[in-house]
Number of protein chains: 2
Amino acid sequence: MFNAQGEPHVTTNHIADELEISPGNLYYHFRNKDDIIEQLFARYEERMDAALATPSERLPGLEDIWLQLHLIFECIWDYRFLYRDLVEILSRNRRIRLRFARILKRADDSAHAVMRGMGQAGVMRATADELAATATNILVIATFWLNYAAARGDKDEQIAIRRGIVQVMMLVAPFLRDAERVHLNTLTQAYLD
Amino acid sequence: MFNAQGEPHVTTNHIADELEISPGNLYYHFRNKDDIIEQLFARYEERMDAALATPSERLPGLEDIWLQLHLIFECIWDYRFLYRDLVEILSRNRRIRLRFARILKRADDSAHAVMRGMGQAGVMRATADELAATATNILVIATFWLNYAAARGDKDEQIAIRRGIVQVMMLVAPFLRDAERVHLNTLTQAYLD
DNA sequence: GTCTATAAATGGATAGAC
DNA sequence: GTCTATCCATTTATAGAC
C-alpha cells in the first residue's frame, strides 16, 4: 500500500481495512504507524545488506556487477515508498535515519570494493579521487533514480529500472579499458531492447 | 517556512500566523495550500529558467560552467522544499508536474548544449550515447543532491552545495582533454578548502 | 487477540460580520 | 481586505468489553 499510494496517503485505518482487522487490533500489534514502517524497514535493511555483500571471491567481471545492480534495484523497487519520501521518513525517525546512513556507508564501501577489484583485474583505471567521486555518484543515481523517473513522468516503471541500471553502468564506463567498454556497450544495447 | 520545516509540516494556520493575518484572510488571498505552493513554484520556475539559459555566445570554458552550476544550485537551495518532497508535491498537482517536467527537459537540453560546445572547442570528447547518459546523470545528481546530503546526515549545508557542484563536474571530467582535466582538478581543490 | 466506540487533536477550508 | 467563529473531514491513538 505504501508503494502504491505513497506512505503519506496510507492511514492506519486503511491498513487495518486492508488486513480486515479493526484499527484497535492493528494498534495491538503495532505501537504506531512509525512502528509499522520500522518493521518494514528492517526487512528492507536485511535484503539490502545481502545485496551489498561482495558477491564472490574472484575478481568481479562486468556481468557480476550487472547482477549485483539488479539485486540492488529490485530491492529499491520493492521498498520504493522509503525512497519516495526518504527525507520526510528519515526526519521523523532517528533510528531509521541512523540505519539508513549505515546502509549508504556500506553501499559506498561496496562500490569502492568492486571498482578496486576491477582495477586489480586491470579492467578499470581511475585515481583515488575519481574512484571516490564515482562511488558517490553511483549511490545518488541508484537512490533517487525512481524519483527521477517519476518526476520526468515515465510510465513504464520496469523499463525505468533497466534504465537506472544502465545509467549507473555509464558512470563507470569512462574508466574502463577499451575492450571492456565495448563489452559494456554490447550488454547495454541488448538490455535496453 | 517550507524550506525550514518541510512542506508537509507547515499548515495554512502556521502560514497565517507567520504573516500575522487570520486563516480566513489567508484563504482570501489564496484558494488553498496548493495555490500557495503553485505561486512559489512560479517564482522558482522563472529563476531556474534564467539559470538554464545558455550563458554566452562564445564557446563555454570550465569557469562558465562552474558559474552556471552555482546559479542552478543556489536556485535549488532557495526552493529546496520542492526537491525535498518532490514526488509527493508533483503527485498532488498536475500543473506543477507538467511544468517541472518541462524544466527537466530544458535542463537536459542545456546540459547537452554546454557539452556540445565543449566538444566544438576541442576541450571534451564523448560519443552521442555518452553525452546523453552524462546529461541525465547531471540532472539526477543536481536534482537530488540535497536529499542525498540530508539522508547521509550532513550538517553544514553550504558545504553540501559545494560538494554537489564538484560532484557534477566529476561527471564531465573523464571526457575532458588532459589539460582541462588538470585545470578542473585545480579548481576543485581550491574550491573545497 | 479482536472487537466497538470514541477520545483528542489536527488541518483544510468556509460563512458571514465588519 | 480582514476578522472571528466554526464546520467538516481526517487521523492517530486509546479504553474497555468480549
Nucleotide N/O to protein N/O under 3.5 Å, stretch nucleotides 3-8 of chain D:
from, atom 1, to, atom 2, distance (Å)
D:dC3, OP2, B:S22, N, 2.8
D:dC3, OP2, B:S22, OG, 3.2
D:dC3, OP2, B:N25, ND2, 3.1

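For B:R102, the salt bridge (Lys or Arg N to Asp or Glu O under 4.0 Å) partners are B:E45, B:D49, not counting sequence neighbours. In this view, A:Y44 and A:Y83 satisfy the side chain to side chain donor-acceptor pair (under 3.5 Å) rule, not counting sequence neighbours. Every residue was checked against the salt bridge (Lys or Arg N to Asp or Glu O under 4.0 Å) condition with A:D17, not counting sequence neighbours, and none meets it. For A:R181, the side chain to side chain donor-acceptor pair (under 3.5 Å) test picks out A:D178, with sequence neighbours left out. Remark: A:L59 engages A:Q120, A:A121 in a side chain to side chain contact (heavy atoms under 4.5 Å, CB included) (not counting sequence neighbours). Listed by chain and number, the residues in a salt bridge (Lys or Arg N to Asp or Glu O under 4.0 Å) with B:R177 are B:E180 (sequence neighbours excluded).
The backbone N or O of A:R31 sits less than 3.5 Å from a side-chain atom of A:D35, completing a donor-acceptor pair.
Between the C1' atom of C:dA9 and the NE2 atom of B:H14 lies a distance of 12 Å, rounded to the nearest Å. Rounded to whole Å, atom C1' of C:dG1 lies 13 Å from atom CG of A:L26. Rounded to a whole Å, the CG atom of B:L19 is 15 Å from the P atom of D:dG1.
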Show me the donor-acceptor pairs within less than 3.5 Å that the side chains of residues 186-193 of chain A make with the rest of the protein, sequence neighbours left out.
from, atom 1, to, atom 2, distance (Å)
A:T186, OG1, A:V182, O, 2.9
A:T188, OG1, A:L184, O, 2.8
A:Y191, OH, A:H70, NE2, 2.7

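Pairs engaging residues 8-40 of chain A under the ring-ring contact (aromatic ring centres under 6.0 Å, His included) rule: none recorded [sequence neighbours left out]. Sequence neighbours left out, not one pair with a member in residues 110-122 of chain A passes salt bridge (charged side-chain N to carboxylate O under 4.0 Å, His left out).
Regarding contacts with the backbone of D:dT11, every side-chain N or O of A:T12 stays at 4.0 angstrom or more from both OP1 and OP2. Side-chain nitrogen and oxygen atoms of B:Y27 include none within less than 4.0 Å of the OP1 or OP2 phosphate oxygen of C:dT14.
For the pair B:E157 and B:R80, the salt-bridge criterion is not met [side-chain N within less than 4.0 Å of a carboxylate O].
Of the residues in residues 29-44 of chain A, those lying under 4.0 Å from DNA chain D by heavy-atom distance are A:N32, A:K33. Residues from residues 3-11 of chain B placing a heavy atom under 4.0 Å of any atom in DNA chain C, listed by number, are B:T11.
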